[in-house]
Amino acid sequence: MPDSLNARIYETVCRIPSGRVATYGQVAREAGLPGQARLVGYALHNLPDHSGVPWHRVVNARGGISLDQTYGSGRLQRALLETEDVIFTDDGRIDLAVYGWMQDSSHPTVG
DNA sequence: TGCTTGACATAAT
DNA sequence: CATTATGCCAAGC
């Protein structure tokens, strides 16, 4: 199994600060996989529960959970994000403009 | 070995 | 912002 690949993705996902979320594309770029956002999702799929990787901080470009929110993982991610003070919209999405993983300190809610 | 699928992104409308 | 069409790479059978 290509741990070198997943490892890069896990490393990047762990880089996501609490209370914020990053898109698959953003993680993919940080992991050195520009354009291969799918591989990020694939890696997270292989991600074991005992890995300690904050996979719940990874969402799609719409700021929404692609998983089935009607069952386990989907509901779990939302629950975990809520524990990070992340607010969901009525549409069940996250405002990337507010909770998006911005490396710059510039934040609409902070600045 | 080759086809199909997949926790997605981006461009155009 | 939502929808539709296309691209990308790796895993599964």
Side-chain angles (χ1 to χ4, degrees):
Chain A
M1 56 194 326
D3 289 307
S4 314
L5 193 64
N6 294 28
R8 299 188 67 82
I9 296 172
Y10 301 153
E11 286 281 335
T12 306
V13 175
C14 289
R15 289 167 59 89
I16 304 173
S18 178
R20 267 195 281 267
V21 296
T23 66
Y24 290 90
Q26 179 136 19
V27 174
R29 292 177 73 80
E30 288 291 330
L33 304 170
Q36 282 66 14
R38 315 196 64 167
L39 303 183
V40 177
Y42 206 99
L44 295 179
H45 177 73
N46 291 312
L47 193 65
D49 292 346
H50 59 80
S51 188
V53 177
W55 58 272
H56 58 266
R57 292 181 194 158
V58 186
V59 296
N60 57 26
R62 309 295 172 251
I65 299 171
S66 187
L67 292 166
D68 197 340
Q69 299 177 0
T70 56
Y71 292 119
S73 301
R75 272 191 53 74
L76 180 61
Q77 179 166 16
R78 165 144 184 178
L80 291 171
L81 287 172
E82 286 185 338
T83 65
E84 299 283 339
D85 285 330
V86 176
I87 306 301
F88 278 73
T89 68
D90 188 15
D91 293 336
R93 294 196 309 274
I94 304 171
D95 195 344
L96 297 178
V98 178
Y99 297 101
W101 181 28
M102 299 175 182
Q103 291 184 318
D104 284 346
S105 300
S106 304
H107 206 268
T109 56
V110 176

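Each chain gets a letter, A, B and so on, in the order the sequences are listed, and its residues count up from 1.
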*Asks:* Just by modelled atom types, is the A:I65 backbone N or O under 3.5 Å from a matching donor or acceptor in the A:Q77 side chain?
*Replies:*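 The answer is no, because no donor-acceptor pair under 3.5 Å joins these two groups.
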*Asks:* Taking the side chain from A:R8 and the backbone from A:A31, do they hold a donor-acceptor pair closer than 3.5 Å?
*Replies:*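 Answer holds: yes.
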*Asks:* Return the value, rounded to whole Å, for the distance between atom CD of A:Q36 and atom P of B:dA7.
*Replies:*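 It is 17 Å, rounded to the nearest whole Å.
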*Asks:* To the nearest 0.5 Å, what is the distance between OG1 (A:T23) and CD1 (A:I94)?
*Replies:*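 These two atoms lie 11.5 Å from each other.
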*Asks:* Would you say the side-chain atoms of A:Q69 pair up with the backbone N or O of A:G74, donor to acceptor, closer than 3.5 Å?
*Replies:*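 Pair absent, no side-chain N/O of A:Q69 close to backbone of A:G74.
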*Asks:* When you measure from the side chain of A:R93, which nucleotide among B:dT10, C:dC1, B:dA7 comes out closest?
*Replies:*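 From the listed options, C:dC1 comes nearest.
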*Asks:* What's the CG-C1' distance between A:L47 and C:dA11, to the nearest Å?
*Replies:*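 Those two atoms, CG and C1', are 16 Å apart.
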*Asks:* Which residues, if any, of residues 26-35 of chain A bring a heavy atom under 4.0 Å of DNA chain B?
*Replies:*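 Correct list: empty, so none.
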*Asks:* How do A:N60 and A:L39 order along DNA chain B: which one's closest nucleotide is nearer the 5' end?
*Replies:*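 Closest to the 5' end, via its nearest nucleotide, is A:L39.
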*Asks:* Identify, between A:R38 and A:Y42, the residue whose nearest nucleotide on DNA chain C lies closer to the 5' end.
*Replies:*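 It is A:R38 whose nearest nucleotide is closer to the 5' end.
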*Asks:* Separation of A:R62 atom CZ from B:dA7 atom P, in whole Å?
*Replies:*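 The answer, rounded to whole Å, is 17 Å.
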*Asks:* Whole angstrom is fine here: how far is it from CG in A:L44 over to P in B:dG6?
*Replies:*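 Those two atoms, CG and P, are 17 Å apart.
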*Asks:* Do the charged groups of A:E11 and A:R15 touch, with an N to O distance under 4.0 Å?
*Replies:*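 No salt bridge links A:E11 with A:R15.
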*Asks:* From OH of A:Y24 over to P of B:dT10, roughly how many Å is that when rounded to an integer?
*Replies:*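 One finds 14 Å between P of B:dT10 and OH of A:Y24, rounded.
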*Asks:* Nearest whole Å is fine: how far is C:dC9 C1' from A:N6 CG?
*Replies:*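 A:N6 atom CG is separated from C:dC9 atom C1' by 13 Å.
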*Asks:* Using only atom types and a distance under 3.5 Å, with no angle test, would you say the side chain of A:Y10 pairs donor to acceptor with the backbone of A:A43?
*Replies:*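 Confirmed, A:Y10 side chain pairs with A:A43 backbone.
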